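Since the structure comes first, as structure tokens, the remarks are kept for the end.
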Amino acid sequence: MGVLNLLALAYLATIALLVVIYLFRKKRKTILVSSFIPWRDLKEGTVRTRFFLADALFFLQIIILSLLALSLARPYITSTIKGITGKDLILLVDTSASMQTREGESTRLELAKAEALKVVGRMGMTDKAQLISMHSSPLIVSEPIGDKWKLSRLIQNLEVTDTTTNLEEGLSLALSLLRRNSLGEVHVFTDRVPPEINTPQASKIRFFTCGKASDNVAIVGLDVYQDMFKEYSEREGYVTVRNMGTETKTVLLKGFLDHRPLMEETVELTPQEDRTVRIKGISGPGLLKVELHPEDAMPLDNQAFAIIRPKKTIKVLVVTPGGPLEEELGKVDKAVKEAEFLFASPKSYGQLPLKDFAICLFHKYVPEALPDINSLFIFPPQDNKFFPVEGWFRNSEIIDWEHSHPIMGHLDYIEDIWLTKALAFKNMDEFVPVVRASVGDSPFPVVTAGLMGGKRVAVLGFDLAEFSFTRAKDIPVLIMFLNILQWLDSEGTAATQVKTGTGLTFNLKGDSKELSLTNPKGKTVKIDVSGDTVVIKDINHVGEYHLKGKGIERRFVANLFDREESDIRPSSFPKRGIPFEEASVAPFSLTEKSELGKYLLILVLLLLLAEWVLYHLKARARTL
């Protein structure tokens, strides 16, 4: 036993103060006599005591002061606890797409679960385990717990996703958690090849590898090239399949448009061979689904989806001072029913509701503030504040362009286009020089496109009014212009196909504050909308998704399309330089100090209550 605050014992000096108070406190004796007169002549000293008489109250107060001083000194008693330190286990279970692979009557995930349950069953009474699910990103399922029944339930409830495997990130998370305890182990249940681990903790990682099946033919790509200004029959679709196995396979490729048969083609593939097949017969909008038959060990990548967009009219507000451009765009308006132009002067700009238009086109004019929709600027003034201009040149020719940019789609050559007057733009952040022109040996960007204020913007450094869209030699300029309109159409260019495990952002035009998202499994979740954009996360399943709200309806599809994930062949795991070392439990002896101060304070309260009762009992006796 001891005290933690020895100086607090100095408060015991308050007992001396209590004695002094009692010494100077004068008390009268109460003497019962039969008559007052005989005592009138007695001196006062005769009936007073010279010293106080110690009573029970005095001793109680001394005890109370002593206990208070002792409690402030924080007395304690020591006790020794002996036991065994348990292990901290981290169970990292792969729940990616390849874990759906069939292995006889089970799947790889079921085999991994069975092994994880065995590890839980071997846990000691003082051991704890933490469960982590691993697919495109790791997810902590539970904190460290020692309840075997609860852990078993959590493992059994793990569900497979249709995403890739991010083994490196999962291991990184597990090792960061392992640093908390030297008596820890990481148990990894996967069908992937473990990465090289160059850390001191490598010996604490144990891999359980599952998977013997290797028979798999996968769809690794589905692309549909959709031109809004072409008929549906002119849209081109291509599907790519790959034989991931070690034997030659013959498969039947089937295509459906909204469940209606579209095409069938037999494909023979040698081991590790790719084949791309064209999809014909697209007759309208809808959901395009491609299937491989017969099913193999991994059915998930035997299907792929795409959305054929419906044709629609792109409404364009044209702000122009007038002239030949109105006439040329009028020709386009009559010839192309998917484009509709409304003309306005620079003075009237701002009086029209922009929300009714998909694109705003400015000709020889730049407003003080950019519109809140995607925009095209044609031959802007040189002194505008948004698009810095180096200068201008006469009689320049186009020499180079970005073939991969959507603006240059279906344009094999444009070298023959001469520009009477062209602006040379400076390089701008987030803008790509799409077309370059030159005068002599001085190349400069004449068409540039990119993002500004979160909106798509394209800028032409030459005047479209100088071209006639009905002349054969100017057709490439018309195609470029129509490509720009498609690229600027926010709804038409919105992504409708993503890879599983990624996110998708939608620009919204509606009054809805809450959206509902229905995934391919039929599960619907609510999404709160706080602005003009919404980010869809957790796209973890292959198939079609529906996003709905007030005035808003979007469809998109998700596909796996990952060659590494579809390659389910058993891997020859390299021998690890550092063998797995099982953590061992260790006895421990812990000395604890139990403070008694709170118990002394409780005793003080009880004594104060006793003093109060005793004082009132004495006061009552004196009055009788």
Side-chain angles (χ1 to χ4, degrees), residues 92-116 133-138 158-171 187-196 206-222 239-253 267-276 290-305 499-502 520 539-543 558-574:
L92 190 60
V93 182
D94 187 350
T95 56
S96 63
S98 61
M99 297 299 283
Q100 302 179 41
T101 302
R102 296 177 182 140
E103 299 286 346
E105 298 297 324
S106 302
T107 64
R108 292 182 177 179
L109 180 61
E110 290 171 347
L111 297 176
K113 287 181 180 182
E115 290 298 318
S133 171
M134 175 185 60
H135 42 277
S136 57
S137 60
L158 288 177
E159 295 183 354
V160 74
T161 64
D162 300 342
T163 68
T164 58
T165 309
N166 195 337
L167 183 57
E168 291 80 3
E169 188 176 341
L171 279 172
H187 296 263
V188 185
F189 308 89
T190 182
D191 62 348
R192 299 289 95 186
V193 176
E196 185 177 353
R206 172 184 174 268
F207 285 91
F208 167 78
T209 57
C210 53
K212 296 181 179 179
S214 60
D215 176 25
N216 189 36
V217 178
I219 298 176
V220 294
L222 174 61
V239 57
T240 302
V241 295
R242 179 178 177 81
N243 182 5
M244 300 290 179
T246 56
E247 299 179 358
T248 299
K249 293 289 182 181
T250 300
V251 295
L252 178 63
L253 195 62
V267 180
E268 184 177 1
L269 299 167
T270 59
Q272 306 303 307
E273 181 187 3
D274 283 10
R275 183 76 61 83
T276 299
V290 182
E291 296 178 347
L292 280 177
H293 295 275
E295 288 189 346
D296 46 33
M298 185 176 171
L300 174 67
D301 54 16
N302 290 351
Q303 57 182 345
F305 300 86
K499 287 187 64 174
T500 54
T502 61
I539 304 175
N540 293 331
H541 297 286
V542 168
N559 294 296
L560 177 60
F561 293 165
D562 189 275
R563 294 170 182 263
E564 183 178 352
E565 194 68 27
S566 294
D567 190 354
I568 62 172
R569 291 175 297 169
S571 303
S572 299
F573 278 61

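Note that this is a predicted model, so its numbers are computed, not measured. As a basis for the values below, the full set of heavy atoms in this structure was taken, side chains included, without hydrogen atoms, waters or symmetry mates.
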Between D301 and the options L292, I568, N216, I219, the side-chain contact (heavy atoms from CB on, under 4.5 Å) test singles out N216
Which atom names give the shortest non-hydrogen contact between T190 and F207, and what distance separates them? CG2-CD2, 4.4 Å
From L109 CG over to C210 SG, what is the distance, rounded to the nearest 0.5 angstrom? 8.0 Å
What residues, two or more places apart in sequence or in another chain, satisfy salt bridge (charged side-chain N to carboxylate O under 4.0 Å, His left out) together with K212? none
Please find the pair of heavy atoms, one from T250 and one from P294, that lie closest to each other, and give the distance. O-CD, 4.5 Å
Considering all heavy atoms, the nearest S98-D191 contact: OG-OD2, 2.9 Å
Closest non-hydrogen atoms of E268 and E273, given as atom of the first, atom of the second and distance, are O-OE1, 4.0 Å
Listed once per pair and sorted, the salt bridge (Lys or Arg N to Asp or Glu O under 4.0 Å) pairs that draw on residues 158-167, sequence neighbours left out: none
Given side chains that start at C-beta, do those of L171 and E168 come closer than 4.5 Å, heavy atoms only? no
Residues in side-chain contact (heavy atoms from CB on, under 4.5 Å) with V220, at least two apart? A218, T240, R242, M244, R563
Just jot down the salt bridge (charged side-chain N to carboxylate O under 4.0 Å, His left out) partners of E291, sequence neighbours excluded, or say none. K289
Give, for atom CG of D94 and atom CZ of R108, the distance between the pair rounded to the nearest 0.5 Å. 10.0 Å
Residues that E295 engages under salt bridge (charged side-chain N to carboxylate O under 4.0 Å, His left out), provided they are two or more places apart: R102
Quick check: closest heavy atoms across M134 and G170, and the distance to 0.1 Å? SD-CA, 4.1 Å
State the NE2-CD distance between H187 and E115, to the nearest 0.5 angstrom. 11.0 Å
Quick one: does D215's side chain have a donor or acceptor within less than 3.5 Å of a partner on A297's backbone? no
Within the distance-only criterion (no hydrogens, no angle test), does the side chain of Q272 pair as donor or acceptor with the backbone N or O of T246 below 3.5 angstrom? no
The reported gap from CZ in R192 to CD in E564 (rounded to nearest 0.5 angstrom) is 6.0 Å
Looking only at non-hydrogen atoms, find the nearest pair between H541 and V160 and report the distance. CE1-O, 4.1 Å
Separation of S566 OG from N243 CG (nearest 0.5 Å): 12.0 Å
Could I get the full list of side-chain hydrogen bond (donor to acceptor under 3.5 Å, both in side chains) partners for S136, not counting sequence neighbours? none
Between N540 and T161, is a side chain to side chain donor-acceptor pair (under 3.5 Å) present by the stated rule, with each step listed? CA-CA 6 Å; N540 293 331; T161 64; 5.6 Å; no
Tell me, do L222 and F561 make a side-chain contact under 4.5 Å, heavy atoms counted? yes
Using the rule given for side chain to side chain donor-acceptor pair (under 3.5 Å), can you reason through D562 versus T164, listing the C-alpha separation, both sets of side-chain angles and the distance that settles it, and then say yes or no? CA-CA 7 Å; D562 189 275; T164 58; 5.0 Å; no
Rounded to the nearest 0.5 Å, what's the gap from CD on E565 to CE on M298? Could you check? 5.5 Å
Considering only heavy atoms from C-beta outward, does the side chain of V267 approach that of V217 to under 4.5 Å? no
